[in-house]
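Below you will find the structure I want to go over with you.
Keep in mind that what you see is a predicted model, and the values were worked out from it rather than measured. Note on naming: letters A, B, ... go to the chains in the order of the sequence lines (proteins, then strands), and numbering restarts at 1 for each one.
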There are 2 protein chains.
Amino acid sequence: MVTRRRVTIADVARHAQVSTTAVSKVLRNAYGASPAMRDRVRAAIDELGYRPHAAARAMRGRTFTIGVLLPHIRNPFFADILDGLSAQVAETDYQVIIVAGGAGLKEEVRAIEALVDRQVDGILMIAPLTSRADLDKVAETMPAVVLGRHEKSTAYDAVDDDDEYGASLVVEHLIGLGHRRIGHISQKDASRGRRAALPYSIREETYTRVMREHGLGDEIAVATTSWTEEGGYIGTRELLARSPRLTAIFAGADQAAFGALAAVHEAGLSVPGDISVAGYDNTRMAALDHIALTSVDQDGVVMGRTAGRLLLERVEGRTASVRFSVTPTLVPRRSTAAPPG
Amino acid sequence: MVTRRRVTIADVARHAQVSTTAVSKVLRNAYGASPAMRDRVRAAIDELGYRPHAAARAMRGRTFTIGVLLPHIRNPFFADILDGLSAQVAETDYQVIIVAGGAGLKEEVRAIEALVDRQVDGILMIAPLTSRADLDKVAETMPAVVLGRHEKSTAYDAVDDDDEYGASLVVEHLIGLGHRRIGHISQKDASRGRRAALPYSIREETYTRVMREHGLGDEIAVATTSWTEEGGYIGTRELLARSPRLTAIFAGADQAAFGALAAVHEAGLSVPGDISVAGYDNTRMAALDHIALTSVDQDGVVMGRTAGRLLLERVEGRTASVRFSVTPTLVPRRSTAAPPG
DNA sequence: ACAGCGATGGGTAACGTTACCCATTTCTTG
DNA sequence: CAAGAAATGGGTAACGTTACCCATCGCTGT
């Protein structure tokens with residue numbers, strides 16, 4: 001590691017026999033540079049292999065960086081979102097950097113601060129646990145988009161899918177098949193303030209509401225674990241212990257549904273013969289033939305792309321607040337069928 | 001977005017009635033500050049909610065940032081690595097930022113440059129496609145650790161698992177069960193220069209070598225797709241078209257194995273009755289009871305933690321080059337058994 | 001009492017880039 | 001052809017932090 005000094009704008013200027021100001025103008029496509037000078041400077045840039053120093057730029061304004069807060073990296077649905085975002089940002093000069101938030105509120109705050117300290121030009125927060133007031137505070141500092149929360153705000157843009165509709169699709173589907181004893185796997189609440197805004201709350205509340213609407217209020221059974229394979233497994237074992245045994249499980253996320261399938265199988269029961277299982281997110285695993293999990297598709301790629309577009313618009317100066325909502329669709333597969341008997 | 005000016009070191013200095021130098025000393029725990037002054041300054045920092053401006057620090061040296069290059073985000077094995085890394089870095093003042101490399105060499109180069117431009121203090125490159133010479137060039141600029149490549153270098157530290165041993169475990173296992181017609185699913189090469197260094201090459205070559213050693217050179221059948229569900233699915237359909245039909249498939253990664261399971265199932269065949277399937281990485285999905293995929297465990301958490309430790313050591317000044325290799329173990333499950341007949 | 005030392009605090013010049021100016025030169029237009 | 005406008009180029013002061021220096025003070029030991 002022979003810390004060789006980086007090529008700077010001054011080196012380029014010297015090499016092209018112009019001022020540093022001139023080089024800066026060319027870099028920024030700013031007014032006041034003749035075509036001839038542009039060519040000279042660009043040639044010098046290529047010859048010396050100059051690359052702008054992001055930190056120095058940050059001192060004076062733009063960093064050309066979009067920061068993403070990701071709760072964790074295991075959920076493949078987030079990968080879809082990132083794909084959409086990357087596609088949107090790829091053609092611009094902006095670069096996406098990701099910071100993992102971890103499971104708790106404290107880690108998440110640290111992650112957001114890290115992004116703010118690094119002066120990103122815009123921040124996309126995916127399903128953040130942070131309180132609304134704190135989100136507003138972040139959005140006061142820099143352009144922000146929040147994905148997956150159902151609050152209205154004038155400070156940031158919001159992208160979400162209609163979780164209420166999506167969850168109702170699943171529950172209605174199961175009830176339509178003839179199920180009555182339907183369990184639900186939800187996620188433990190780690191957020192601060194009222195729960196209502198996050199997907200897991202909405203899906204759970206919708207489950208409860210639809211069950212009641214069909215006169216199945218007494219059959220409501222919720223296991224609150226986490227939306228991971230382990231969480232789904234543990235939650236399902238908990239639900240299976242009930243008597244009389246339920247005939248269907250609506251896991252709030254595919255990841256949890258996979259764990260549910262494992263637990264059902266381990267208990268010597270068959271899917272969908274004994275128990276139907278449905279998930280949410282329509283991940284690629286769900287589509288595989290030997291799993292064939294009924295799920296809800298919410299097009300993460302479009303959500304990510306839209307979030308990117310909104311963020312870039314804000315960076316360019318828009319201040320009016322926008323909300324974009326995706327309408328989910330049910331994707332029935334072989335993991336759900338009429339109940340036994 | 002009311003771009004409120006950030007609190008700076010000067011604000012803190014004024015508030016505490018000391019010089020900016022003094023504040024800087026306190027922040028860095030540098031020599032030349034009395035306990036009394038330290039307390040005053042710290043109080044001012046808390047009161048004003050001061051946070052150091054990373055870009056300004058970058059101009060003068062440290063950014064307290066560790067950059068990670070990730071090929072893509074879908075492989076859950078990478079999540080284990082990140083967990084290990086995060087755990088190692090969490091107690092320090094450093095922050096991990098991730099940049100996704102994308103599938104191609106060009107995107108990867110852009111991603112690495114983005115990290116270099118942002119002056120990260122150290123960089124962890126996970127299974128990079130870049131040529132060895134370019135890796136060395138990066139490592140000349142900043143402390144670097146490369147994970148998952150099997151080259152020796154004096155410029156950077158290396159962390160890997162012994163892919164050759166791991167792959168041989170699987171193939172020997174299948175042969176030991178009585179299989180002869182064993183197929184393999186590999187990944188298309190996107191790197192530059194000689195292939196030998198990346199896991200997919202080594203696993204494939206090992207498969208070929210072990211087959212030959214057992215006199216099964218004529219039975220070698222490789223489908224080269226990608227290590228994703230789709231890749232495994234397509235590759236398996238390709239392999240299943242052969243006649244006589246093979247009795248086992250060694251997918252180079254669990255993700256591909258899941259796709260393989262789907263394809264086998266779709267073809268009306270059973271696992272392991274008709275065909276045995278094995279993967280690599282021992283992801284959580286593989287452990288689930290209804291999948292029970294035979295796989296190879298390579299402890300990504302330890303790999304990530306070690307990579308973090310090595311990187312921090314290098315940031316602190318170590319220059320001697322280190323290699324750390326994990327020994328993988330076979331995890332036999334129900335997806336592999338003796339061949340039919 | 002005094003040289004010499006450690007402890008304490010601050011002044012200042014960078015780091016690389018850009019926004020805002022001003023000084024030329026060249027082009028229009030009546 | 002004069003006068004104003006447009007085009008072209010450069011000088012310079014920040015942005016927030018830190019490394020390196022110097023100045024002062026109170027003690028110590030002789």
Nucleotide C/dA19, atom P - distance to CZ of A/Arg62 in whole Å: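 These atoms are roughly 9 Å apart.
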side-chain N/O A/Tyr31 vs D/dG9 OP1/OP2, d < 4.0 Å: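 Answer is no, no contact under 4.0 Å.
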Nearest-angstrom distance from the residue atom CD of A/Gln119 to P of C/dT18: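 After rounding, the gap between these two atoms is 15 Å.
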Selected nucleotide, minimal atom distance to A/Ala22 side chain, candidates C/dG16, D/dG10, C/dG9: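 Among C/dG16, D/dG10, C/dG9, the one nearest the side chain of A/Ala22 is D/dG10.
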Length of the line joining B/Asp39:CG and C/dG9:P, which is rounded to integer Å: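 So the CG-P distance, B/Asp39 to C/dG9, works out to 11 Å.
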Nearest-angstrom distance from the residue atom CG of B/Leu27 to P of C/dG10: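 These atoms are roughly 14 Å apart.
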Side chains of A/Tyr50 and A/Leu27 in contact at under 4.5 Å (non-hydrogen atoms):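 SC-SC contact between A/Tyr50 and A/Leu27 confirmed.
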Given C/dG9, C/dT18, D/dT17, the nucleotide with the shortest approach to the side chain of B/Ser34: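 My answer, after comparing the listed nucleotides, is C/dG9.
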Pairing of B/Arg305 and B/Asp80 as salt bridge, 4.0 angstrom limit: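 No, this pair does not count.
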side-chain N/O B/Arg57 vs D/dG16 OP1/OP2, d < 4.0 Å: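 No, because none of the side-chain N or O atoms of B/Arg57 sits under 4.0 Å from OP1 or OP2 of D/dG16.
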Closest to side chain of A/His53, choosing from D/dG10, C/dC15, C/dT17: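 The answer is C/dT17, which lies nearest to the side chain.
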Distance, rounded to the nearest Å, where A/Ile9 contributes CD1 and D/dG11 contributes C1':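 It is 14 Å, rounded to the nearest whole Å.
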Sugar-phosphate only, base, or nothing, as touched by A/Ala33 at under 4.0 Å among non-hydrogen atoms: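 Contact class for A/Ala33: sugar-phosphate only.
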Heavy-atom side-chain contact between B/Leu85 and B/Leu311 under 4.5 Å: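 Not touching, per the 4.5 Å side-chain cut-off.
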A/Arg60 side-chain proximity, nearest of D/dG10, C/dT17, C/dG9: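 Closest nucleotide to the A/Arg60 side chain: C/dT17.
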Proximity to the side chain of B/Ser19 - top-ranked nucleotide from C/dG11, D/dT17, C/dG16: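 Ranking C/dG11, D/dT17, C/dG16 by closest atom to the B/Ser19 side chain puts C/dG11 first.
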Separation of atom CZ in B/Arg14 from atom C1' in C/dG10, rounded to whole Å: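 Rounding to the nearest Å, CZ of B/Arg14 and C1' of C/dG10 are 16 Å apart.
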Note: B/Asp160-B/Arg323 ion pair, threshold 4.0 Å (strictly below):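 Salt bridge flag = yes for B/Arg323 with B/Asp160.
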Base of D/dG9 paired with side chain of A/Thr21 (donor-acceptor, under 3.5 Å):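 Counting by modelled atom types and ignoring angles, no donor-acceptor contact under 3.5 Å is found here.
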Closest to side chain of B/Met37, choosing from D/dG16, C/dG9, D/dT17: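 Closest nucleotide to the B/Met37 side chain: C/dG9.
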Given D/dG16, D/dA7, C/dT8, the nucleotide with the shortest approach to the side chain of A/Met59: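 Closest of the options to the side chain of A/Met59: D/dG16.
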For atom CG of A/Asn29 and atom C1' of C/dT17, their distance in whole Å: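 In whole Å, C/dT17 C1' and A/Asn29 CG are 16 Å from each other.
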Candidate nucleotides C/dT17, C/dG10, C/dA19, ranked by approach to the side chain of B/Val18 - the nearest: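 Among C/dT17, C/dG10, C/dA19, the one nearest the side chain of B/Val18 is C/dG10.
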NZ/NE/NH1/NH2 to OD/OE distance under 4.0 Å, B/Arg42 and B/Asp46: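 Judged by the 4.0 Å cut-off on N to carboxylate O distance, B/Arg42 and B/Asp46 do not form a salt bridge.
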Nucleotide D/dA19, atom P - distance to NZ of B/Lys25 in whole Å: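 Distance check: B/Lys25 NZ to D/dA19 P gives 11 Å.
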Among D/dT17, D/dC15, D/dT18, the one nearest B/Ser24 by side-chain distance: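 Among the listed nucleotides, the one closest to the side chain of B/Ser24 is D/dT18.
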Cationic N near anionic O, under 4.0 Å, B/Arg110 to B/Asp117: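 Between B/Asp117 and B/Arg110 there is no salt bridge, as every charged N stays at least 4.0 Å from the carboxylate O atoms.
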Nucleotide nearest A/Arg28 (side chain, heavy atoms from C-beta), chosen from D/dT17, D/dT8, C/dT18: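 In terms of side-chain proximity for A/Arg28, the closest of D/dT17, D/dT8, C/dT18 is C/dT18.
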